[in-house]
Asks: 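Below is the structure I would like to discuss, written out as structure tokens.
Every chain is numbered from 1 and lettered A, B, ... according to where its sequence line falls, protein lines coming before strand lines.
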Amino acid sequence: AAGVIQSPRHLIKEKRETATLKCYPIPRHDTVYWYQQGPGQDPQFLISFYEKMQSDKGSIPDRFSAQQFSDYHSELNMSSLELGDSALYFCASSRGGSSYNSPLHFGNGTRLTVT
Amino acid sequence: AQTVTQSQPEMSVQEAETVTLSCTYDTSENNYYLFWYKQPPSRQMILVIRQEAYKQQNATENRFSVNFQKAAKSFSLKISDSQLGDTAMYFCAFKVGGTSYGKLTFGQGTILTVHP
């Protein structure tokens, strides 16, 4: 079965650079979520999109932005990178809607290293 | 706000034995979902099992079952006949039902090691 695809798998950037992470949800999934997992930490929710509109916002820095496109894929843009941004970034997808609570399916994550 | 607590940073079990991972949560919501996710060394997040709060019956998925105690706000995971492939970090997670579109709150995780 098709899964959530994230690219790239690994990314190395220098401080103050910009990074773009991409997420392709499972077909027919209309909701995408982004999570950040620092070393040895539990995943923290960043932001989510439902039907191309931002649906929820967590602890996402102002330096980060994200959007969901017409084909439902999503991109997380990170600017002015800091050492503390080094983490594993997970994307997850589900079929959303206020009365539909399907479980989240996670991608394999993008490991971002900021040097 | 919701909180999820996993009080066991690490657990170990012998192959073929049974192990129980603990999770407690705090919420004022009445409509919510609880999940256990597995994160093996590959770092992928894999859904193990989920429980709807309105269901009294404990969820079961093959060797995995939960003990959901709503009044006590407890949601433990029991793994029977443990296998080497069960070695992973396990996260308990909480999601408010209704309009929250799936934002999960995770516990701190429990590292489970299955020994041969």
Side-chain angles (χ1 to χ4, degrees), chain A residues 1 3-6 9-10 23 25-26 29-60 68 74 87-112, chain B residues 1-10 21 23-25 29-55 59 61 64 66 75 88-111:
Chain A
V4 177
I5 298 173
Q6 290 186 247
R9 289 296 305 275
H10 302 275
C23 170
I26 291 173
H29 280 195
D30 50 19
T31 310
V32 170
Y33 317 80
W34 286 97
Y35 289 84
Q36 178 192 57
Q37 186 179 20
Q41 299 178 5
D42 52 282
Q44 295 294 318
F45 172 74
L46 293 178
I47 196 167
S48 63
F49 293 88
Y50 168 61
E51 284 291 346
K52 293 152 280 185
M53 299 287 289
Q54 180 182 308
S55 55
D56 210 341
K57 192 174 182 180
S59 50
I60 184 170
Q68 185 180 32
S74 178
L88 189 60
Y89 290 83
F90 282 106
C91 171
S93 74
S94 74
R95 289 181 62 188
S98 61
S99 61
Y100 197 100
N101 286 283
S102 68
L104 274 63
H105 296 265
F106 286 83
N108 288 331
T110 293
R111 183 174 295 282
L112 173 66
Chain B
Q2 285 67 234
T3 59
V4 179
T5 302
Q6 293 177 248
S7 58
Q8 305 155 314
E10 295 186 42
L21 308 184
C23 172
T24 59
Y25 59 94
E29 302 285 341
N30 197 45
N31 177 19
Y32 55 88
Y33 294 76
L34 294 162
F35 306 85
W36 279 97
Y37 279 90
K38 169 185 176 181
Q39 188 178 42
S42 66
R43 305 312 300 275
Q44 186 180 1
M45 291 288 274
I46 303 167
L47 176 66
V48 175
I49 198 167
R50 75 163 177 169
Q51 174 82 40
E52 291 87 345
Y54 63 85
K55 289 186 177 179
E61 286 287 341
F64 299 88
V66 299
F75 183 61
M89 173 82 89
Y90 287 81
F91 288 100
C92 177
F94 174 101
K95 180 169 78 81
V96 175
T99 61
S100 67
Y101 300 118
K103 183 179 75 173
L104 290 169
T105 301
F106 287 89
Q108 303 90 330
T110 297
I111 299 173

Asks: B/Y37 vs B/F35 aromatic rings, parallel, tilted or perpendicular, using cut-offs 30° and 60°?
Replies: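 The rings of B/Y37 and B/F35 sit tilted, inter-plane angle from 30° to 60°.
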Asks: Would you mind telling me which of A/I47, A/D42, A/L88 has the largest number of heavy-atom pairs within less than 4.5 Å of chain B?
Replies: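 So the answer, after comparing A/I47, A/D42, A/L88, is A/D42.
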Asks: With only heavy atoms counted, which part of B/F91 is less than 4.5 Å from chain A, the side chain, the backbone, both or neither?
Replies: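 Side chain only.
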Asks: Classify the ring geometry between B/W36 and B/F75 as parallel (under 30°), tilted (30 to 60°) or perpendicular (over 60°).
Replies: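 The arrangement is parallel - the two ring planes meet at less than 30°.
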Asks: Which bit of A/Q44 comes within less than 4.5 Å of chain B, counting heavy atoms only: side chain, backbone, both or neither?
Replies: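 No part of A/Q44 comes within 4.5 Å of chain B.
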Asks: Between B/Q6 and chain A, with a heavy-atom cut-off of 4.5 Å, which part of the residue counts as in contact: side chain, backbone, both or neither?
Replies: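 B/Q6 has no heavy atom closer than 4.5 Å to chain A.
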Asks: Could you list the residues that satisfy side chain to side chain contact (heavy atoms under 4.5 Å, CB included) with B/E29, not counting sequence neighbours?
Replies: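 In terms of side chain to side chain contact (heavy atoms under 4.5 Å, CB included), with neighbours along the sequence ignored, B/E29 is linked to B/Q2, B/T27, B/Y32, B/V96.
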Asks: Just to verify, what does A/Q36 make a side chain to side chain contact (heavy atoms under 4.5 Å, CB included) with, not counting sequence neighbours?
Replies: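 Residues passing side chain to side chain contact (heavy atoms under 4.5 Å, CB included) with A/Q36: A/L46, A/F64, A/A87, A/Y89.
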